[in-house]
Amino acid sequence: MFNKVLIANRGEIAVRVIRACRELGLQTVAVYSDADRNALHVRYADEAYSIGPPPARDSYLRMDKLLEVAKKSGAGAIHPGYGFLAERAEFSQACEDEGIVFIGPRPHAIATMGDKARARATVAAAGVPVVPGTEGKENLTDDELLAIAPKIGFPLLIKAVAGGGGKGMREVRSPEEMPALLRSARAEAEAAFGDGNVYLEKLIEGARHIEIQILADTHGHVIHLGERECSIQRRHQKLFEESPSPSVGQDEEFRQKMGMVAVRAAQAVDYVSAGTIEFLVDKDKHFYFLEMNTRLQVEHPITEYVTGVDIVKEQIRIARGRPLGYTQDQIAMHGWAMEARINAEDPYNNFMPSIGRIDHMLLPTGPGVRVDTGVYSGFEITPYYDSLISKLIVWGESRGHAIQRMRRALEEYKIVGVRTTIPFHQNLLKQSRFIAGSFDTRFVEERFSMEEADAMRETYPEIAAIMATLVAHQETLRAAHVIRNAKRDTSNWKWYSRWERIHR
Amino acid sequence: MFNKVLIANRGEIAVRVIRACRELGLQTVAVYSDADRNALHVRYADEAYSIGPPPARDSYLRMDKLLEVAKKSGAGAIHPGYGFLAERAEFSQACEDEGIVFIGPRPHAIATMGDKARARATVAAAGVPVVPGTEGKENLTDDELLAIAPKIGFPLLIKAVAGGGGKGMREVRSPEEMPALLRSARAEAEAAFGDGNVYLEKLIEGARHIEIQILADTHGHVIHLGERECSIQRRHQKLFEESPSPSVGQDEEFRQKMGMVAVRAAQAVDYVSAGTIEFLVDKDKHFYFLEMNTRLQVEHPITEYVTGVDIVKEQIRIARGRPLGYTQDQIAMHGWAMEARINAEDPYNNFMPSIGRIDHMLLPTGPGVRVDTGVYSGFEITPYYDSLISKLIVWGESRGHAIQRMRRALEEYKIVGVRTTIPFHQNLLKQSRFIAGSFDTRFVEERFSMEEADAMRETYPEIAAIMATLVAHQETLRAAHVIRNAKRDTSNWKWYSRWERIHR
Amino acid sequence: MKYMTTVNGQELEVEILDEHHVAVNGKVYVVDMAAVSGQPLYSLLAEHRSFEGYIYENEGLWQVLMGGTLYEVRVEDEQLRRLRLAGGGGGKESGPFLLKAPMPGLVVAVPVTPGQEVKKGDVLVVLESMKMQNELKAGKDGKVEKVKVEVGQAVEQGQVMVSVV
Amino acid sequence: MKYMTTVNGQELEVEILDEHHVAVNGKVYVVDMAAVSGQPLYSLLAEHRSFEGYIYENEGLWQVLMGGTLYEVRVEDEQLRRLRLAGGGGGKESGPFLLKAPMPGLVVAVPVTPGQEVKKGDVLVVLESMKMQNELKAGKDGKVEKVKVEVGQAVEQGQVMVSVV
C-alpha cells in the first residue's frame, strides 16, 4: 500500500498528521503557500512543495496543484486535515480517479452529509432522531407554516432557507405572535440573501452541543469513542471542549444510546474513516441529530486522551485497508480531558483577530498536558488563515483535577507578539456555572462577559499599579536619557543600568 | 494540615513539584540563589525568597536559611526534590524539630540507607539479596581476602573502601592474578585517598541497572510501581531510562518477585514516601540490592506514564497523613515510556558542559510527549548547578512505538544557545543493540561512540556541504558589504536582502 | 518620584523610593521587577509574592494583563495630571474620528455613505480577516465625512477607511 | 561563485549559481534556505526535501548538526585554498598551545608543572563545572611553559590556564 502521504493542509493539524505518519514510518509531503515557507509543517515534513500565493483559493484550495504535487512526489495518499478541502466530495472523488488514497470518507458519504436536507432525510430514515421541523420542504406559504407550527410545538424558530449567521431568524413563543414574526423574518432574509424563503424548527431550550466520535473501517466495522461536550461556543465557533460531557458523566446507558445512534447514522452513508455526529441535547436528555462532520475534528485530542486511541493513526490504518485496531467493548473512557482553543484574537476587544510576529513563547508542559500547535517563537501570524494557533489539551483523573490542571497550564502559557484567547479561558474556568457543569450553547454569548468575569475575581490593583508605574517611570527615564544624553541623571543611573540589563 | 509548601530546590524538579501543589490547591514558596532570579520556579511559585549567592553551599544547601524562609512564609511543609538536601537525614530531622512536615522519609530511614554498609546489612537481614562480597568488614589483610575470594567466586572486583570514581578498582579473573592486583589496587587507593584499605565484591557480568519505584504511607502500606531500566549510563550518570525494562518485559512473575523484595527492603527501614530500590540484574535474572534512593528520582515520570499514578501528588498525600490512593492490585503497567535526559553538554566533545543563554527553544509537543524543564528561551545556563536542563518523556503502546515517538520528538526539539545531548540520544535510538533491548551498564562506555554512530547512519554530505557553503558565502558577502559599504556589490544585492529578511 | 496611578478607576498614589521600594498610598512594598524575555512580559516580586504580567501601552494608557485579568492603568506625574485636568473633559471627542483598519483584511461591507449621521458604536465597515467578519464601529457620534474603501477592497493595517466629523 | 567544500574529508565542488540554484560536483540542486529563528538554525529545502540544521563556526571550520549527525565542513574559495596549501601541512602545530577554560569553573587538579614534557592528549587541568569534573588536555606534544592557575581557583571562560611550547 502507500508509504508516502501528502498532507493537504497547514497549521497545527498538518503538524499533527505529519507526526502520526512519522511515528508509523511513513514519508510525508507538505504543501505550503508563500506565507508559510517557514511554517512548522514545512520544517517537519520530509518533503515540501510550494503551491502558490497566500490566499487559500490560490493555494490550499487548489485541487489541481495538490494532485500534481502528489504525483510528482510519488505520494500514494492524501490526508486533508480539517477545513480547506476536507469536506469537498469532489476532492475525495478526484483522488479516487487519480488512484490516490484519500484518507477520509468516500465522495458519496461526504456529499450526502454535506447537504443539510439530504443528511437529515438519510439519517431520519435510519431511525436517527432529528430536530422536528419543516426543513427540506421549501417554498411553504405563511398559511402552510402556521398550520404545521402547532404540530412542531412552541417555542420554535423561523429560519431562512438561504440563511446563516442568524439573519432572518426569529424565535416564536406562541401562535399569536407568529404571523408578524414570519413577515419580518422573510423581509430580513430577502434583504440579506435575496431569498425570502423560511422554514420552521423546534427550539431546543437549554440545548447542549454534544458530539460522538466514530471510526469506521472498510470491513464494515463501525465503533464510537464516546462523546465530547462542545457547548462553549461564540458565534457558533467552538472555544472549549471536554470529554466526557458533564451532562452525560457516569450515565453509561445514555452514552451508549447516543453512541449506537451515531453508529447508525454513519452506517446510513456507508461511512469510512473518522467522523463525528453532532447532536443537540435538551435538559431531559432528548437528543437530535444536528449534522455529521465527515472529517477529523479540531477537538479530536480530548477523545484520544480519555480513550487512549490515536485517531489519526486509526485513520491511516483504515485507509490502508486494515480492520480497526479496536472493538467497541475495548473502548472505555478513563478520566477527563479538556481542550482550550488558543486563537490569535483579543478577548477584550470583541475577539478581534490579532496578527504579527510571535516574539516569545513559553509552553505549558509537565504531566497531563498536551499542546498541538503549528506556530513557534519567530513565526509570523498572517491574516490569510483562521486564527487557531494552538490547542491546549489537559487530562485529569476527574473533571475537578482537569480544571485545576487546565488553570495552571493556562497561567504558564505565555505568548508575546499577538493577543490570544488565553484570558478568555482563564475567566471561563473561574465561572461557577462552568465549574458546576451547567451551561448550554448560549452560555458564552448570554451569560458571560470578560469585564464582569474580571470584576468577580480576586484582583490585585496595587500590583497592577506598581507594574505599570515602574514601566512608565522607566519609559520616562529612557526618553530623558536619550534627550539629555551627555548630561546623565546620576540619581537614576542605577535604575537605568538595571533596566538595560533585564532588557538585554 | 499544611496548605503551603516550600520547595527547597531549583530547576525542572522545583517546577514539577510546584505544578503538583498548584493542581492540589496548595500554595507554593520558591527559594532562589542570585543566579536564579528569573528561573521558572521563581516565576511559577506563589511566593519567592532570595537565599544567597549562586554556589549551592551558600544558598540551596543552607538549611538555616530554608527553615527561616519556611517560618517567615508560613509554609507548613518542605519538599526537597532530589539532590541538594534531599538525602540529608539532618535536614529531615531539622524539619521535624521545627514542626515542619518533611515531604519525604524520616531521618532514620535516610541515615540507614545513606550508609552503604549499614544499608547492606539492614536489607540483607530482611532477606534481600545483596552482591556477595566483604563490604562492611574493614581492614582485611591480603591473606584474609585471598582466603575469602573463592567463596565469592571469580570474576570479582577489588574496590577501595574510601573509594569512588574507579580509583583503586581492579577486576580479578583468577586466584593466580589476585596478589599482584591487590598490591596495585592498595597502592592506587593509598595515593588517591590516603587509605589503602580494599574490599572484594562479586563482579556481575553483563549487569543491568534496574530499579523498583515504591510508595509507602504512614499507615503501614507499601506498594511498588514496577521497574525502570536505567542501564544507559556514562560515568555512572544515567542518560536514558525506560519502563518497563526490556529484560523484564512480559515476565510478570519476575517483576512481582523484584517488587516484593523492594517492598521488603523499604519495610526494613520503616520507609515513608516515595523511594527507589536499585538492583543489579544479571543475564540469568538474579538480582542484587545496590542501594536505595530515599527521595523522588529524576526518572519518576516514566513510571507515572505507564502506571497513571502521579508520584509527586502521592508524596504530598502521604505527607498529609492520608493513606495511599492505590492498593498493589490496582497497579498495572500499560504501554511503554522512555525518558531522555537533555543535558547542557556537548556529546561531540566528551560531554563537556556547555553554558550560555538559551536564545531560542522549540519544544516537541503532540500526543504522548511530556517535557519537564526549568529553562526557557531567554534563560541563562550557569556553571553553578548540574547540567540537566530538560527531560523528554514519551509514551507509546509498545516499545517500538515509544522508540518511534522518541525519535520524532528528539528531531523536533530545538535548543539554540547551548550544546545539548539531543544528538547523543538520536544516535542511541539508531543503535541495533539498543533497539533489540540487549545492553548492559557498560554499553555506552564500551560499545558506543558518537563518531561511529554517525558513520553508520544514512548521511547527507551534499546537503551539509550546501548548507555550510551558503552560510560561508553569506558571511563573505556580509563582510564585504561592511567594508565596501557605499560601493555596493549589486550582483549580490538579491542574496543580501533575502538574507537580511530571513535573519530579521 | 511620585505618580498618580489610576487602576480601573481607582486612584492610587505610587511613589518610587528606590530600586527595590515602592509606596502605594503610603504603604511600602519591597519589589523586584524584571523583564523575563524582553518586553512586554514582566516578573514582579512584591513582598515576596510572585506575579507575572504583560504590560502594553495603548493610547496613553497602560494595559496590565495579569493572571487572566486585564487592568486599565493611567500613570501620571503631577505635571501631566494638571495638564490633562486643565484640558477639560470634552477634549477627547472633539476632532474627526478616523476609522483605521486594525489588521490587514478584505472589506466585505460598508453600510454607511458620506453625509450620513451615525451614533457612536454604529458599524462603519465589516472587515474580513483570519476568516472572520469583524464589525468596526464609530468611535463617536457625528456625520460620515469620507468613505475611502469599497466592498471587495484589500486594506493594509492602519489604513484609514472612514472618517466621522 | 565556486567553492571547494570538504565534508568529513570528502571534497566537493559547490557552485552557487543564483539564489535558488546550487551545483554540487556539477549536479544542480534547486534550493531554498532560510534562518528559521535567527542563526544558527537553518531550514533548507533542496529538491523539495526538507532539512534542518544548526551551523556553527569553529576555528575556521563549519559544524553542521543535522538529523542527529555532525558534519565537519571546510569551505574555501580558490584563493583561500591556495593560501592554505601553500602554507604547508606542519603549520598547525607550531606556536605555543594555550589551554583556555572552555567555561567558568573551579580548578580541582593541575597534574603538570612548568618544564614538564607532555604528549598531545595528556591532561593538563581538571576543571569542575556543572558538578562535573572535566579533563582538559594538551593540544600538542611539548613542554609545559607556564601554569597560571592553582587548585581551588575559580576561572572565567576563556582564561588561559596552561601554556605548552
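Proteins get letters first, then strands, A, B, ... in listed order; numbering begins at 1 in each.
- Proximity to chain A (any heavy atom under 4.5 Å) is shown, for Phe51(C), by both the backbone and the side chain.
- Using a 4.5 Å cut-off between heavy atoms, Glu345(A) contacts chain C through its side chain alone, with no backbone atom that close.
- Nearest heavy atom pair, residue Tyr54(C) against residue Ile415(A), reads OH-N, 3.0 Å.
- Within a 6.0 Å sphere centred on OH of Tyr384(A), other residues, nucleotides and ligands contribute 12 heavy atoms or fewer.
- In this structure, Gly68(C) and Glu411(A) approach most closely via the heavy-atom pair N-OE1, 4.3 Å.
- Summarising the geometry of Ala465(A) relative to Thr5(C), their closest heavy-atom pair is CB-CG2, 3.7 Å, with the distance given to 0.1 Å.
- No salt bridge links Lys27(C) with Glu462(A); every basic N to acidic carboxylate O contact stays at or beyond 4.0 Å.
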May I have the step-by-step check of side chain to side chain contact (heavy atoms under 4.5 Å, CB included) for Met33(C) and Val471(A), ending in yes or no?
-> CA-CA 9 Å; Met33(C) 179 124 144; Val471(A) 171; 3.5 Å; yes

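- For the atom pair CE (Met103(C)) and CD1 (Ile355(A)), the distance works out to 8.5 Å, reported to the nearest 0.5 Å.
- When heavy atoms are compared at a cutoff of 4.5 Å, Arg235(A) approaches chain C solely by way of its side chain, counted from C-beta outward.
- For Pro461(A) against Val7(C), the heavy-atom pair with the smallest separation is O-CG2, 3.6 Å.
- There is a side-chain donor-acceptor pair under 3.5 Å between Arg419(A) and Gln63(C).
- Listed options Asp77(C), Leu65(C), Asn8(C), Leu136(C) were ranked by heavy-atom pairs under 4.5 angstrom with chain A; first place goes to Leu65(C).
- Taking the side chain as every heavy atom from C-beta outward, Ile381(A) and Met130(C) approach each other to under 4.5 Å.
- For the pair Pro40(C) and Val416(A), the tightest heavy-atom approach, listed with the atom from each and the gap, is CD-CG1, 3.2 Å.
- Partners of Asp58(A) under the side-chain contact (heavy atoms from CB on, under 4.5 Å) rule, at least two apart in sequence or in another chain, are Pro53(A), Pro55(A).
- In this structure, Met467(A) CE and Glu52(C) CD are separated by 7.5 Å, a value rounded to the nearest 0.5 Å.
- With contacts defined as side-chain heavy-atom distances shorter than 4.5 Å, the pair Asn134(C)/Pro353(A) qualifies.
- Judged purely by atom type and a 3.5 angstrom limit, Tyr71(C) has no side-chain atom pairing as donor or acceptor with the backbone of Thr459(A).
- Both the backbone and the side chain of Ala344(A) come within contact range of chain C, with heavy atoms under 4.5 Å apart.
- Between the side chain of Tyr348(A) and the backbone N or O of Leu70(C) there is at least one donor-acceptor pair closer than 3.5 Å.
- Remark: Lys414(A) fails to qualify as a cation-pi partner of Tyr42(C) under the 6.0 Å distance and 45° angle criteria applied to the six-membered ring.
- Closest non-hydrogen pair, Tyr385(A) versus Lys131(C), comes out as C-CD, 4.2 Å.
- Contacts between Leu410(A) and chain C at a heavy-atom distance below 4.5 Å are absent for every atom of the residue.
- For chain C, no part of Phe424(A) is nearby; none of its heavy atoms comes within less than 4.5 Å.
- In this structure, NZ on Lys2(C) lies 14.0 Å from OG1 on Thr469(A), to the nearest 0.5 angstrom.
- Here Glu57(C) contributes atom CD and Glu475(A) contributes atom CD; the two are 6.5 Å apart, rounded to the nearest 0.5 Å.
- Your options are Gly53(C), Ala46(C), Gly67(C), and the one with the most heavy-atom pairs under 4.5 Å with chain A is Gly67(C).
- Proximity to chain C (any heavy atom under 4.5 Å) is shown, for Ile422(A), by neither the backbone nor the side chain.
- Note that the CE atom of Met132(C) and the CZ atom of Phe351(A) stand 10.0 Å from one another [nearest 0.5 Å].
- Taking NZ of Lys137(C) as the start and CG of Asn350(A) as the end, the distance is 5.5 Å to the nearest 0.5 Å.
- Each of Val24(C), Leu12(C), Leu44(C), Val73(C) has some count of heavy-atom pairs under 4.5 Å with chain A, and the biggest count is that of Leu44(C).
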